[in-house]
Amino acid sequence: MDLTTLEQHLLLAVLGLHPNAYGVSIQEHIKKLTGREPSTGSVYASLDRLEEKGFVKSRQGEATAERGGKRKLHFVITAKGQHALRQSLQAIDALSRGLVWKGAAV
Amino acid sequence: MSKTNKKLWVKAHKIAAKGSAEPAKIKTAKKYVNVRVASERAFDTALILQTPIAFRALLRIYIDGFVDGVAGAVRGQGRKTYDVPPKIAEFMLTMLATTRGAEAMIGDLNERFTRECKEFDRDRAVRLYWARTLRSLGPLLWRAIGKVVITMVKRFFGPGAA
């Protein structure tokens with residue numbers, strides 16, 4: 001199953017932040033490590049799509065005063081999701097193996 | 001309604017009923033209590049009449065706005081100085097996301113808004129809230145359209161289609 005770059009980032013963030021992966025923490029984690037922050041809408045739209053495919057599972061968490069009484073939605077990666085992520089990362093790894101980076105500043 | 005707002009709401013109710021504060025505060029509290037009670041009745045009626053979800057969501061946001069108003073009034077702050085995120089932006093997101101997703105998404109935006117109100121000032125926090133909302137509308141709209149298209153394709157071309 002092909003994954004987009006954002007989907008890869010999201011799955012990696014959900015895996016890395018376990019068990020505290022929810023909207024804000026995922027966005028901040030991706031921004032911290034990649035320098036680019038995905039919009040709230042794209043995060044939820046992609047996670048909705050990933051949940052539909054069975055790659056992540058969500059559960060409603062606690063509501064706090066600072067969230068205006070709105071509950072969090074925590075995400076966990078499923079075994080199917082881990083398998084898809086691994087395959088996707090291995091494909092990139094295979095494609096980039098042995099490349100000579102000419103003229104690119106490292 | 002959050003726990004803090006609920007406490008403030010009860011406090012406003014007590015002020016309105018007992019009249020233990022200064023007249024201006026009693027008047028404000030009474031006004032909010034009356035409007036809130038009327039709004040809740042309207043919401044219940046809308047629920048019984050099975051009005052569209054969009055209408056009920058708008059009504060809910062309107063009622064919550066009054067709860068925030070109570071919180072501000074009881075704290076002795078005006079509504080504008082209290083950390084209330086822009087309601088129209090919230091409504092726009094509610095329209096495009098699934099129910100669970102909408103609640104979590106608005107909660108996330110509120111969390112950052114509260115943090116930014118303390119960190120910067122309310123005006124900047126409102127601008128950032130709007131910017132995040134507008135950036136989110138595109139992906140959510142595409143997702144909503146995609147869902148409709150998939151449903152239609154399954155309906156007309158999927159197994160069991162006429």
Side-chain angles (χ1 to χ4, degrees), chain A residues 1-10 13-14 17 19-32 34-76, chain B residues 1-9 60-61 64-65 67-68 71 82-87 89-90 92-94 96-118 128-129 131-147 150:
Chain A
M1 186 75 72
D2 286 339
L3 293 173
T4 63
T5 312
L6 178 62
E7 284 172 344
Q8 282 180 346
H9 288 178
L10 288 172
V14 169
L17 290 166
N20 190 31
Y22 73 101
V24 176
S25 68
I26 292 171
Q27 272 180 294
E28 285 174 349
H29 185 76
I30 294 175
K31 193 185 176 184
K32 195 175 141 195
T34 67
R36 288 174 68 186
E37 189 184 319
S39 72
T40 314
S42 59
V43 166
Y44 277 94
S46 299
L47 284 169
D48 189 35
R49 203 165 38 237
L50 290 170
E51 194 170 11
E52 220 171 68
K53 288 178 188 170
F55 293 169
V56 291
K57 268 202 285 192
S58 67
R59 63 167 177 86
Q60 276 187 323
E62 71 280 15
T64 56
E66 65 166 2
R67 293 175 63 83
K70 306 276 191 288
R71 281 173 294 183
K72 287 178 184 174
L73 206 57
H74 290 276
F75 293 91
V76 281
Chain B
M1 203 194 309
S2 73
K3 265 187 184 173
T4 323
N5 279 359
K6 207 167 187 176
K7 272 185 190 169
L8 289 163
W9 170 255
R60 187 78 262 165
I61 288 165
D64 287 346
V67 178
D68 294 333
Y82 181 60
D83 304 347
V84 182
K87 295 286 167 191
E90 272 188 22
M92 286 162 89
L93 290 171
T94 315
L96 288 171
T98 56
T99 322
R100 276 172 93 199
E103 188 187 349
M105 201 158 46
I106 292 166
D108 284 354
L109 289 171
N110 286 352
E111 189 180 323
R112 299 182 94 174
F113 176 79
T114 313
R115 212 189 298 160
E116 278 154 2
C117 271
K118 285 174 195 159
L128 287 168
Y129 194 103
R132 287 197 189 104
T133 304
L134 295 175
R135 261 188 85 199
S136 297
L137 292 179
L140 289 174
L141 188 66
W142 273 116
R143 179 76 187 131
I145 292 170
K147 273 187 170 177
I150 289 167

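Every heavy atom of this structure was used, including side-chain atoms; hydrogens, water molecules and symmetry mates were not. Everything numeric in this text was worked out from a predicted model, so none of it was measured. Throughout, a chain's letter reflects where its sequence line sits, starting with A, and its residues are numbered from 1.
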Review point. Is it true that a side-chain atom of A:R71 and a backbone atom of B:G107 form a donor plus acceptor pair closer than 3.5 Å?
Key: no
Review point. So how far is it from B:E111 CD to A:E66 CD, rounded to the nearest 0.5 Å?
Key: 4.5 Å
Exercise for review: Identify which part of B:R112 has an atom lying under 4.5 Å from any heavy atom of chain A, answering side chain, backbone, both or neither.
Suggested key: side chain
Study note, to complete from the structure: Under 4.5 Å to a heavy atom of chain B? For A:S58 that would be both
Practice item. Determine the minimum heavy-atom distance between A:D48 and B:R143, stating which atoms define it. Key: OD2-NE, 3.1 Å
**Study point:** Side chain, backbone, both or neither of B:L109 within contact of chain A (heavy atoms, under 4.5 Å)
**Key:** side chain
Revision key, fill the gap. Residues B:A104 and A:L73: closest non-hydrogen pair is CB-CB, 3.6 Å
Check your understanding: Can you tell me how far the CG atom of B:D108 sits from the OH atom of A:Y22, to the nearest 0.5 Å?
Key -> 6.5 Å
Point to revise | Closest approach of A:K70 to B:I106 (non-hydrogen atoms, all atoms of both residues) | key: CE-CG2, 3.9 Å
Revision key, fill the gap. Between A:V24 and B:R115 the two heavy atoms that sit nearest each other are CG1-NH2, 3.6 Å
**Study point:** Residue that, paired with B:S136, satisfies side chain to side chain contact (heavy atoms under 4.5 Å, CB included) out of A:S42, A:S39, A:P38
**Key:** A:S39
Practice item. Check each atom of A:E37 against the heavy atoms of chain B and say whether the ones under 4.5 Å are side chain, backbone, both or neither. Key: both
Point to revise | 4.5 Å side-chain heavy-atom contact, B:K147 and A:E52 | key: yes
